[in-house]
Participant: 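Okay, here's the structure, questions in a sec.
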Amino acid sequence: HPANTLSLHDALPICPIEPGEFIPRFLDWRSGVPSAKSALSTIIYNSFGLHCHLLASISINGLIKPINAFMQSSFPRPINLWGSVHAPGSNKPPAWLVSQGAGSVQDYNAQMKAGIDEVRTGRIVDGVTGWLDFYGMTDGAKSFDGTHYMYQVRTALLKRFMRAAGTCS
């Protein structure tokens with residue numbers, strides 16, 4: 001990762017269960033950012049669920065609510081974006097179809113969207129979490145293992161993310 005980015009994978013265990021675990025690590029990382037860059041809002045992007053057994057309560061209580069509370073009084077205010085879990089590929093191994101199949105992923109994404117909307121108190125720039133729906137962009141796309149996608153799909157998702165990050169309102 002470039003020196004001025006913080007990867008959630010580096011900052012947290014694969015499934016953050018303790019509320020607020022991310023904030024101290026974020027502040028520690030931010031203290032090392034050069035002053036010219038630390039005056040800018042940081043974009044925080046999150047998207048996980050499979051490793052948390054698609055339990056939305058873990059994601060909402062362990063990350064969304066603490067980050068939203070932190071953002072309300074933070075300056076410069078970070079911008080938090082949540083990306084929905086991708087559609088499972090047609091080659092998802094049969095052992096995972098029940099727990100990580102289309103229905104389970106869609107239910108999780110709906111719970112996450114509802115949870116984010118429930119705690120939404122304003123616009124993204126006002127310190128709330130934004131929602132990026134990637135499920136439809138990956139539904140039917142070629143996956144090499146049923147969970148992960150080729151670079152073309154990742155490039156399309158990145159373009160969508162960059163458009164969203166540039167128009168946070």
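Just so it is clear, the values below take in all heavy atoms, side chains as well, and ignore hydrogens, waters and symmetry mates.
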Participant: With side chain to side chain contact (heavy atoms under 4.5 Å, CB included) as the test, would you mind laying out the steps for Val153 and Met137 before giving the verdict?
Facilitator: CA-CA 8 Å; Val153 173; Met137 292 180 71; over 6 Å; no
Participant: Under the rule for side chain to side chain donor-acceptor pair (under 3.5 Å), what residues qualify as partners of Ser74, not counting sequence neighbours?
Facilitator: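 Here no residue qualifies.
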Participant: What is the distance from atom CD1 of Ile58 to atom SG of Cys52, rounded to the nearest 0.5 Å?
Facilitator: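 Output value for this atom pair is 5.0 Å.
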Participant: Provide the closest heavy-atom pair for Trp131 versus Asp133 in the form atom of the first, atom of the second, distance.
Facilitator: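 Shortest heavy-atom separation between Trp131 and Asp133 comes out as NE1-CB, 3.6 Å.
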Participant: Please find the pair of heavy atoms, one from Leu40 and one from Pro76, that lie closest to each other, and give the distance.
Facilitator: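 What the structure gives for the nearest pair is O-CG, 3.4 Å.
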Participant: With side chain to side chain contact (heavy atoms under 4.5 Å, CB included) as the criterion, how do Ile64 and Asn80 come out once you've worked through the C-alpha distance, each side chain's angles and the decisive distance to 0.1 Å?
Facilitator: CA-CA 9 Å; Ile64 300 297; Asn80 191 37; 4.2 Å; yes
Participant: Can you confirm whether Phe75 sits close enough to Ser41 that some side-chain heavy atom of one is under 4.5 Å from a side-chain heavy atom of the other?
Facilitator: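 Side-chain contact under 4.5 Å: no.
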Participant: Show me the donor-acceptor pairs within less than 3.5 Å that the side chains of residues 155-162 make with the rest of the protein, sequence neighbours left out.
Facilitator:
unit_1: Thr155; atom_1: OG1; unit_2: Tyr151; atom_2: O; d: 2.8

Participant: Testing the basics here: between Ser143 and Gly89, what is the closest heavy-atom pair and its distance to 0.1 Å?
Facilitator: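 Heavy atoms only, the tightest pair is CB-CA, 4.0 Å.
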Participant: List the steps and the verdict of side chain to side chain contact (heavy atoms under 4.5 Å, CB included) for Ile44 and Leu81.
Facilitator: CA-CA 6 Å; Ile44 302 169; Leu81 299 172; over 6 Å; no
Participant: Give every donor-acceptor pair under 3.5 Å between a side-chain atom in residues 100-114 and any protein atom, sequence neighbours left out.
Facilitator:
unit_1: Gln100; atom_1: OE1; unit_2: Lys92; atom_2: NZ; d: 2.8
unit_1: Ser104; atom_1: OG; unit_2: Val98; atom_2: O; d: 2.7
unit_1: Tyr108; atom_1: OH; unit_2: Phe48; atom_2: O; d: 2.7
unit_1: Tyr108; atom_1: OH; unit_2: Ser59; atom_2: OG; d: 2.7
unit_1: Asn109; atom_1: OD1; unit_2: Val85; atom_2: N; d: 2.9
unit_1: Asn109; atom_1: ND2; unit_2: Val85; atom_2: O; d: 3.0
unit_1: Lys113; atom_1: NZ; unit_2: Asp117; atom_2: OD1; d: 3.1
unit_1: Lys113; atom_1: NZ; unit_2: Asp117; atom_2: OD2; d: 2.9

Participant: Can you list the residues that meet the side-chain contact (heavy atoms from CB on, under 4.5 Å) rule with Asp28, with sequence neighbours excluded?
Facilitator: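 Ser31.
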Participant: For Arg30, which residues count as a side chain to side chain donor-acceptor pair (under 3.5 Å) partner, sequence neighbours excluded?
Facilitator: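 Per chain and number, Arg30 pairs via side chain to side chain donor-acceptor pair (under 3.5 Å) with Thr42.
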Participant: Any pair with a residue in residues 84-103 that passes ring-ring contact (aromatic ring centres under 6.0 Å, His included), sequence neighbours left out, goes on the list, sorted by first then second residue, please.
Facilitator: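 Listed once each, the pairs are His86-Tyr149.
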Participant: Looking only at heavy atoms, which two atoms of Ser35 and Ser38 are closest? And how far apart?
Facilitator: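 That would be O-OG, 3.1 Å.
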Participant: Check whether any side-chain heavy atom of Ser47 sits under 4.5 Å from a side-chain heavy atom of Phe134, and report yes or no.
Facilitator: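 When only atoms from C-beta onward are counted, Phe134 and Ser47 do not touch, as no gap falls below 4.5 Å.
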Participant: Let me see the working for Thr129 and Asn46 under side chain to side chain contact (heavy atoms under 4.5 Å, CB included), right down to the final yes or no.
Facilitator: CA-CA 10 Å; Thr129 299; Asn46 303 290; over 6 Å; no
Participant: Among residues two or more places apart or on two chains, list those pairs meeting salt bridge (Lys or Arg N to Asp or Glu O under 4.0 Å) that have a residue in residues 39-52.
Facilitator: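 Those involving residues 39-52 do not exist here.
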Participant: Tell me every residue that passes side chain to side chain donor-acceptor pair (under 3.5 Å) with Asn91, counting only those two or more places apart in sequence or in another chain.
Facilitator: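 Result, side chain to side chain donor-acceptor pair (under 3.5 Å) vs Asn91: none returned.
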Participant: Can you tell me how far the CG atom of Leu132 sits from the CH2 atom of Trp82, to the nearest 0.5 Å?
Facilitator: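 The distance works out to 11.5 Å.
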Participant: For Ala87 and Thr138, work out which heavy atoms get closest and say how close.
Facilitator: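 That would be N-OG1, 2.8 Å.
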Participant: Could you tell me which residues satisfy side-chain contact (heavy atoms from CB on, under 4.5 Å) with Leu27, sequence neighbours excluded, listed by chain and number?
Facilitator: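 With sequence neighbours excluded, Leu27 shows a side-chain contact (heavy atoms from CB on, under 4.5 Å) to Ile23, Phe70, given in chain and number order.
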Participant: Check side-chain contact (heavy atoms from CB on, under 4.5 Å) between Phe144 and all other residues, then give those that pass, not counting sequence neighbours.
Facilitator: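 Applying side-chain contact (heavy atoms from CB on, under 4.5 Å) to Phe144 gives His148, Met150.
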Participant: Give a yes or no answer on whether the side chain of Arg77 reaches the backbone of Gln72 with a donor-acceptor pair at less than 3.5 Å.
Facilitator: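 Flag set: sc Arg77 to bb Gln72 pair under 3.5 Å.
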